[in-house]
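Every chain is numbered from 1 and lettered A, B, ... according to where its sequence line falls, protein lines coming before strand lines.
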There are 2 protein chains.
Amino acid sequence: MKTPLLTYITTYYHNHGRIPRYREMLAATAYKSLSTIKIKTDELVEAGFVERDDTGKLSPGRRLRALPILGSVEAGFPSAAEEELIDTMTLDEFLIQKKEATYILKISGESMTDAGIMPGDMALVERGREAKNGDIVIAEVDRKYTIKYFIKEGGKVYLKAGNKKYKDIYPEEELSIAAVVVSIIRKY
Amino acid sequence: MKTPLLTYITTYYHNHGRIPRYREMLAATAYKSLSTIKIKTDELVEAGFVERDDTGKLSPGRRLRALPILGSVEAGFPSAAEEELIDTMTLDEFLIQKKEATYILKISGESMTDAGIMPGDMALVERGREAKNGDIVIAEVDRKYTIKYFIKEGGKVYLKAGNKKYKDIYPEEELSIAAVVVSIIRKY
DNA sequence: TAGTATATCGAACATTTGTTCGATTTGTCA
DNA sequence: TGACAAATCGAACAAATGTTCGATATACTA
């Protein structure tokens, strides 16, 4: 029933999207005094899990929202001593630029496998963005949607599959770009 | 200077990780009365942008955090009428199970291209998870880290590349699994 | 065991914060 | 222009919230 303070704050923030109040922490942890809660939260501020804004109120710190970025695969995992230097990143701020225009689509079909886009992958797509040459787009062709490379060469525009077994598509009349793929997400 | 209320709440939430107070909204918007702020936020509650918890306090609603999930690529984009029925999802809750143990690694090298993992992709990895047969793992081999399939067949354990040009790795002594890859993220 | 430092408690207090409601303004339509 | 409805204002109020500080308990050291 009684939870460590940091654990409680972390899970509460994940479930409710906000930092719990002092008295909520009081009820959920083993502590029985608000002054203890204050002391403990001050320590969590020091550690970077939470922050205090200009009015002194608690807001989530980076360590509550972000994931640590290590280097490349070769570089591997840093030692505990180096841990402090690690950069962090939230998935949202990394992947999403225009939130209102961003949607998630599930990939089916193998027309982009050579581009590393597999059936079952999730595509983050942004509507209304102008497609540039080489972009991967969701296009409407013959009233059906498809994912392809958008190619624009010397005034000529066509769709190119990322799989040699598929043919390029040359639009007969209009070519309707529904959205531009900004990110691919695969979950194992 | 003066911002629409929803715009203000949205950007404030993105920057600070919490919903602004009524009086902060008052200062940032063109409204001059707290009662107007209350009326307007009640409308935003109706619309699903923010919610009220059991104590009546505002917390971010799903529409503030989540992205709409459309169906497959073929299904395409729903009409405005269907828009309300769409499922939503936050990237964090979709991708991250054990936040404390999750790190981001940048992929370099081409040893997994046939598995759709390209150089430059980001890998979400979880430390401490037990690798199962077929999992993609970050392994330490000869003091260097590498990304490979983890294969466990009849007591025999080895690492298999996801690219025919690379050879499998049979560990001579110990095989150290640093982390299990739980997700691949590619940003264009 | 006595002494000291540290951690926690408990209650009072000062602000902050959301709510309410009557007054005022703005917009709409005939 | 006048009448009505809707939107917004403004100030007072009640409840929630963070802070403070002396008292008490616990852990550690000599």
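To the nearest angstrom, P of C:dT8 lies 13 Å from CG of A:L26. Between the NZ atom of A:K40 and the C1' atom of C:dC9 there is a distance of 13 Å, given to the nearest Å. Distance OH (A:Y31) to C1' (C:dC9): 13 Å, rounded to an integer number of Å.
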Please tabulate, one pair per line, each protein N/O and nucleotide N/O from nucleotides 12-18 of chain C that are separated by under 3.5 Å, including the distance.
residue : atom : partner : partner atom : Å
C:dT16  : O3'  : A:K57   : NZ           : 3.1
C:dT17  : OP1  : A:K57   : NZ           : 3.1
C:dT17  : OP1  : B:R21   : NE           : 3.2
C:dG18  : OP2  : B:Y22   : N            : 2.9
C:dG18  : N7   : B:R23   : NH1          : 2.8
C:dG18  : O6   : B:R23   : NH2          : 2.7

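Not counting sequence neighbours, A:K98 has no partner by the salt bridge (charged side-chain N to carboxylate O under 4.0 Å, His left out) test. Remark: A:D121 engages A:R186 in a salt bridge (charged side-chain N to carboxylate O under 4.0 Å, His left out) (not counting sequence neighbours). In this structure, the salt bridge (charged side-chain N to carboxylate O under 4.0 Å, His left out) partners of A:R62, at least two apart in sequence or on a different chain, are A:E93. Residues passing the side-chain contact (heavy atoms from CB on, under 4.5 Å) test with B:P119 are B:E110, B:T113, sequence neighbours excluded. Under the rule for a side-chain contact (heavy atoms from CB on, under 4.5 Å), the partners of B:K187 that lie at least two apart in sequence or sit in another chain are A:F94, A:L95. When the salt bridge (charged side-chain N to carboxylate O under 4.0 Å, His left out) test is applied to A:R23, no partner is found at least two apart in sequence or on another chain. Not counting sequence neighbours, A:Y188 has no partner by the ring pair (Phe, Tyr, Trp, His ring centres under 6.0 Å) test.
The salt bridge (Lys or Arg N to Asp or Glu O under 4.0 Å) contacts involving residues 26-49 of chain B comprise B:K38-B:D42, B:K40-B:E43, B:D42-B:R52, where partners must be two or more places apart or lie in separate chains. Residue pairs meeting the side chain to side chain donor-acceptor pair (under 3.5 Å) criterion with at least one member in residues 148-157 of chain A, sequence neighbours excluded, are A:T146-A:K148.
Here chain B contacts DNA chain D (any atom closer than 4.0 Å to a heavy atom, that is under 4.0 Å), and the contacts span D:dT8 to D:dT17 from 5' to 3'.
Between its opening and closing five pairs, the helix from C:dT1-D:dA30 to C:dA30-D:dT1 changes axis direction by 30°, a value rounded to 10 degrees.
Using a 4.0 Å heavy-atom cutoff across all strands shown, B:I37 reaches no nucleic acid atom at all.
Between B:L5 and B:L44 there is a side-chain heavy-atom pair separated by less than 4.5 Å.
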